[in-house]
Amino acid sequence: MRRLAPLALTLSSAPLAAQPQSAEQAVRTSLSRIQAVNPRVRAVITVNPNADAEARRADRVRMARGPLFGVPVLVKDNIDVAGLPNTAGSLALKDNLPARDAPIVSRLKSAGGIVIGKANLSEWENFRSGNSISGWSAVGGQTRNPHALDRNACGSSSGSAAAVAASMVRMAIGTETDGSITCPAAMNGVVGLKPTLGLVSRTGIIPISASQDTAGPMAASVREAAQLLSAIAGSDAADPVTAPADARRRDYAATLDARAFAGKRIGVLRYATGYSPVTDAVFEQALTLMRAAGATLVDIKELKNRGELGEAEYAVLLTEFKAGLNVYLAGTPPQVKTRTLSDLISFNAANAAAEMPFFGQDIFLAAEKTKGLDDPAYRKARDKAKRLAGKDGIEALLADNKVVALVAPTIGPAFMIDTVNGDQIGGSGPGGLAAVAGTPHLTVPMGKVRGLPVGLSFLGPAWSEQLLFDLGFSFEQAARLNMTAALPGSVDPQPARAANTRRRR
């Protein structure tokens, strides 16, 4: 395990190129960029000490090059990578050294990708307190938005998005329960996809919800996101929900269509706008571009029962979090002493100065009180949430308006990092429907609002990843946006602690 040294910042290290000449060159460039930039952005918790050796070995095995040959990839620090700590940002798991890779990591490596390290995140995937600060963890400190270092990177896949935006890597893996890929991707000006539930294995990932959790790609372009999803998608016998995945997965990058808007009817989620007049103005420009590319746009002004959906979803998450986390913790190595959610609550209370300097653990306490997966109240809430988001939600919006996909602003521009009040997100966005229904949600850069990125969301029915990639690729190619993060100057008042150098969950 290589610890990130506190280096003086220099920006002489060039951003990572899209097409490396060799695996070793790509890895060295990425490591150099991480060393130069990460002290200000805090996107990376741990770097892989074997990355150099793995790259040299890949270069020697010329005939075995996979589709991601030599590409450095950051993996969110809630996903098992053999030999690297998997902490969820918590000091309670600092000794959690998995013996084997999660299946998605094995698939990534089989495709030729090289795990360059683990990405910082909102501690416990933003599911410890309702007053949390996205991107903060006791292990990694505060992830900062590379476009404005006093602003939040959103979460919980904060480090994955910020690292791509800061050109430390071009690809990263995030996870999402509700907004944790799409919100940080949008606020950092990168591409993020939350796949259909069941397309990607969850084995070896610290869970929140069996009903909603999924990993997904985050990348500098739509093509690279499609390449990464192609590598990690697939069935896993240990995760039964993925049984259809092998039949559904494909090479999503191979047939990207830059003219995908032509002849398509797209639903515009007007009820999901209104973050600010300037964000709405950028959205209107995006709609104009879609019309010019041949799309027919259909306004959708309301979604019924939005409040009821949120209440039902939260009840489901609380129950499934306790059940799933206790199973994961029971399988951690013996040196991990926190074996249950109750143990974690006690650990946080005993280590409050390090673990709870800004916010508490009210969600943990609420989850601990739940009665298990056989509780009739939980099952009623689960069925209600799935109906409201699926049959009465996305399915109805698509069918009733005779559209193939839905579009909306992903979220407003990045809010300030606020250690007093917590996150000030200012809206729920369109992604909650896809999160609860288990359907795909793609966000691509839509433009900037006074220098801060905003994202454009495309939502579709289950297994419509190819369609969404095509639409996102069409917009990306037509808009030709420059989303490079300039990394403005700022002083970090809070050094990373013990660094191995509706919340967005």
Side-chain angles (χ1 to χ4, degrees), residues 1-7 13 16 20 22-39 41-61 66 68-89 93-121 137 139-141 143 157-164 166-175 204-206 215 217-219 228 231-232 333 496 498-501:
M1 176 174 58
R2 178 184 297 169
R3 295 181 181 272
L4 294 180
L7 302 179
S13 300
L16 192 66
S22 71
E24 185 175 13
Q25 179 190 37
V27 165
R28 288 185 175 180
T29 301
S30 181
L31 289 173
S32 178
R33 182 70 174 173
I34 289 170
Q35 287 183 326
V37 174
N38 197 63
V41 179
R42 300 205 181 282
V44 181
I45 285 182
T46 305
V47 294
N48 178 6
N50 300 314
D52 289 324
E54 292 173 12
R56 289 192 295 271
R57 185 163 54 249
D59 282 332
R60 288 196 299 269
V61 187
L68 295 184
F69 167 75
V71 176
V73 181
L74 272 173
V75 176
K76 186 177 177 181
D77 198 34
N78 65 339
I79 302 171
D80 285 350
V81 177
L84 297 181
N86 192 21
T87 72
L93 294 188
K94 64 182 178 61
D95 296 321
N96 181 27
L97 289 168
R100 60 179 62 87
D101 292 329
I104 60 170
V105 174
S106 296
R107 288 180 177 271
L108 171 68
K109 292 180 177 179
S110 295
I114 296 175
V115 176
I116 199 76
K118 303 295 290 292
N120 200 7
L121 70 164
S137 72
V139 175
T143 304
S157 302
S158 315
S160 298
V164 174
S167 296
M168 300 182 200
V169 291
R170 292 191 64 85
M171 297 183 185
I173 297 177
T175 66
I205 300 178
I206 297 172
M218 306 177 79
L228 183 52
I232 65 175
N500 295 327
T501 289

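Below, each value reflects all heavy atoms present in this structure, side chains not excepted, and no hydrogens, waters or symmetry copies. Values in this document were obtained by computation on a predicted structure and should not be read as measured data.
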For the student: nearest non-hydrogen atoms of [X] and [Y], plus distance:
X    : Y    : answer
A163 : A43  : N-CB, 3.8 Å
S137 : I45  : OG-CD1, 4.2 Å
A58  : F69  : O-CE1, 3.4 Å
L74  : A119 : CD2-N, 4.3 Å
V37  : A166 : CG1-CB, 4.0 Å
D77  : P85  : OD1-O, 2.9 Å

[X]: partners by side chain to side chain donor-acceptor pair (under 3.5 Å), with sequence neighbours left out:
X    : result
T143 : N120
R107 : none
N78  : T175

Sub-4.5 Å side-chain heavy-atom contact between [X] and [Y]:
X    : Y    : result
T46  : T87  : no
I173 : M218 : no
M168 : V41  : yes
V71  : M171 : yes
I116 : V169 : yes
L228 : L108 : yes
D52  : R28  : yes
R33  : S167 : yes

Do [X] side-chain atoms and [Y] backbone N/O form a donor-acceptor pair below 3.5 Å?
X    : Y    : answer
D80  : R100 : no
K76  : A172 : no
S30  : A26  : no
S157 : S160 : no
N48  : G117 : no

Pairing residues for [X] by the side chain to side chain contact (heavy atoms under 4.5 Å, CB included) criterion, not counting sequence neighbours:
X    : result
A88  : W124, E125, I206
R57  : E54, R60
A231 : L68, A111

Any chance you could lay out the side-chain contact (heavy atoms from CB on, under 4.5 Å) test for N86 and I205, step after step, and finish with the verdict?
CA-CA 9 Å; N86 192 21; I205 300 178; over 6 Å; no
Verify side-chain contact (heavy atoms from CB on, under 4.5 Å) between L84 and L97, making sure each step is shown before the conclusion.
CA-CA 6 Å; L84 297 181; L97 289 168; 5.7 Å; no
Would V164 and R170 count as a side-chain contact (heavy atoms from CB on, under 4.5 Å) here? Give the steps.
CA-CA 5 Å; V164 174; R170 292 191 64 85; 5.7 Å; no
Pair I114, V73 - check side-chain contact (heavy atoms from CB on, under 4.5 Å), show working.
CA-CA 6 Å; I114 296 175; V73 181; over 6 Å; no
Any salt bridge linking K109 with D101? Criterion: basic side-chain nitrogen under 4.0 Å from a carboxylate oxygen.
yes
